[in-house]
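Take a look at the structure set out below.
Letters A, B, ... mirror the listed sequences (proteins, then strands); counts begin at 1. Every value quoted in this text rests on a predicted model; they were computed, and no experiment measured them.
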Number of protein chains: 2
Amino acid sequence: MTSPKPNTVTHTRQPASGPAVDVRIVLFTVAHGALHIALPEAKGLRRLPHGEPTSGEALDTAARRILRHSTGIHEQYLEQLSTLSVDDTAGWTLTVAYLGVVWWSAESEPEVASTWHDLRRRLDVGETDRMLIHYAIVRLRAKLSYTTIAFHLLPPTFTLSELQQTYEAVLERRLDKRNFRRRFVAANVLAATGTQRRDGSHRPALLYRFRAPHDRDSYLTPPWSDEA
Amino acid sequence: MTSPKPNTVTHTRQPASGPAVDVRIVLFTVAHGALHIALPEAKGLRRLPHGEPTSGEALDTAARRILRHSTGIHEQYLEQLSTLSVDDTAGWTLTVAYLGVVWWSAESEPEVASTWHDLRRRLDVGETDRMLIHYAIVRLRAKLSYTTIAFHLLPPTFTLSELQQTYEAVLERRLDKRNFRRRFVAANVLAATGTQRRDGSHRPALLYRFRAPHDRDSYLTPPWSDEA
DNA sequence: CCAAAAGTGTTCTCGATACACCCATGT
DNA sequence: ACATGGGTGTATCGAGAACACTTTTGG
């Protein structure tokens, strides 16, 4: 993005003043029954979507913008993960990591298909990216059990089987159909749309919509909005 | 801290390069049956312990150092909370907030008594500090229920009543003695020391020691160490 | 013997788990 | 008719909550 300067500076940063800031996003989606992350290719490398925030910008806003610019994706859920400080030959950098979650359908947006990496396959990324990805997976799995974050992985309207398949893809294990359904009925977060989906040679499924619960779904995220 | 420059720069930072970095620590302890936070006084203001990390330093290390320098306290548990970006007349700053927890006894370290603020009393701090404190309290309460973080609020050896009083102080509600004790026995995190404590005109209490559980107590914290 | 904190069991409810069959449709 | 996924109920177990009395000591 930044063009090389024509003067004598060897490093891209001058270490006397503040660090460079690097926002990275671990963006998840579920496709073909498996968890995927966005790993766009740049200069032959696959890296997490990343970029620099500007000074007047809240970090959450920057993360959204960076994600849009580097993948074309408008995310639906974004949460700060952690910040780390790295000092190497490229200078001092603060990396602020985000966890994001989107619904993505191959039909409607085939053009970004190549940015998605199936997490069942080998990850070939840098050490920092790998750590952030592993941590984000742990967090996403944990949040699945006590928040409604999973709905961001689904279209506005979905069947209970699709919801269950999403959970199974993230958790990488099979769940019991009856218990699963009972859980969500009890949680009172589903609203039947009344319509059905006729699919193949079998009984049609009822379609549901997510109904926001009264108590907010973000327990462990700052209750304020990161405004500058 | 930074003295005003004699030249034409109006802001303390030059916005062209990276931001200033500010590490703040919300440090908790329990005293007199109530949750307290460290709010040392500087220039008439009470602010969270804070300072700047250096470029070669991991953020966790910086937080420990800053806490030591600004309060004299060696913390026992420290965890990154969140990072936010603020751009005002003082320039652009990234604030990295930490949650810390210590055991503190008025007898052994009376000199730092004045830095502790009883959270039952009114908080008179800046807006950012207030947000961070509120968020840290939410997190601390949540973590109490599914981690062993509470042991960092206690001396190496303690009675079950002291443990319960610590929980009650943090949660601000009374707990049932029998259920409380059963819970900790079942959790298998206590080791009886065999000794007793004779206290007043009543039956002496057994002393316990914390016994590290096999599964680690940090679920939601990055599993890596923030090394540069 | 009295005050004061330490210590101890049982019952109930609720959420999580295990488990097997009928229903509606397309071909 | 049959294959395919959609949909349903019951029994069991364990964690958490409610609840009251006896024990040991110092004064």
Tell me, please, which residues at least two apart from A:Ala113 pass side chain to side chain contact (heavy atoms under 4.5 Å, CB included).
A:Trp104

Tested for ring pair (Phe, Tyr, Trp, His ring centres under 6.0 Å) against A:Phe158, the lone hit among A:Phe210, A:Phe151, A:Trp103 is A:Phe151

Using the heavy-atom set of chain B and a strict 4.0 Å cut-off, write down the first and last nucleotide of DNA chain D that makes it in, 5' to 3'.
D:dA17 to D:dG26

Distance only, no hydrogens: is a donor on one side chain within 3.5 Å (strictly under) of an acceptor on the other, for A:Tyr77 and A:Glu79?
yes

Counting only non-hydrogen atoms, which of residues 192-208 of chain A are less than 4.0 Å from DNA chain D?
A:Ser201, A:His202, A:Arg203, A:Pro204, A:Ala205, A:Leu206

Show every side-chain hydrogen bond (donor to acceptor under 3.5 Å, both in side chains) that has at least one partner inside residues 121-130 of chain B, sequence neighbours left out.
B:Arg24-B:Asp129

Pairwise distance CG(B:Leu119) to CD(B:Glu172) - rounded to 0.5 angstrom:
8.0 Å

Nearest-0.5 Å distance, CG of residue B:Leu160 to CD of residue B:Gln164
8.5 Å

With a non-hydrogen cut-off below 4.0 angstrom, is B:Ser161 in contact with a base, only sugar-phosphate, or nothing?
sugar-phosphate

Start and end of the DNA chain C segment that chain B contacts, any atom under 4.0 Å from a heavy atom
C:dA3 to C:dT10

With sequence neighbours excluded, what pairs up with B:Arg174 under the side chain to side chain contact (heavy atoms under 4.5 Å, CB included) test?
B:Glu168

Residues which pass salt bridge (Lys or Arg N to Asp or Glu O under 4.0 Å) with A:Arg209, listed by chain and number, not counting sequence neighbours
none

What residues form a side chain to side chain contact (heavy atoms under 4.5 Å, CB included) with B:Arg197, not counting sequence neighbours?
B:Thr159, B:Glu162, B:Asp199, B:Leu207

Contacts of type side chain to side chain contact (heavy atoms under 4.5 Å, CB included), residue B:Arg203, not counting sequence neighbours
none

Which pairs with one or both residues in residues 165-190 of chain B pass ring pair (Phe, Tyr, Trp, His ring centres under 6.0 Å), sequence neighbours excluded?
B:Tyr167-B:Phe180, B:Tyr167-B:Phe184, B:Phe180-B:Phe184

Tell me yes or no: between the side chains of B:Thr195 and B:Thr193, is some donor less than 3.5 Å from an acceptor?
yes

Could you say whether B:Arg182 or A:Arg182 is positioned toward the 5' end of DNA chain C, judged by the nucleotide with the nearest heavy atom to each?
B:Arg182

Counting only heavy atoms and a strict 4.0 angstrom limit, can you tell me which residues of residues 171-181 of chain B come near DNA chain D?
B:Asp176, B:Arg178, B:Asn179

Mind checking what makes ring pair (Phe, Tyr, Trp, His ring centres under 6.0 Å) contact with B:Phe28, not counting sequence neighbours?
none

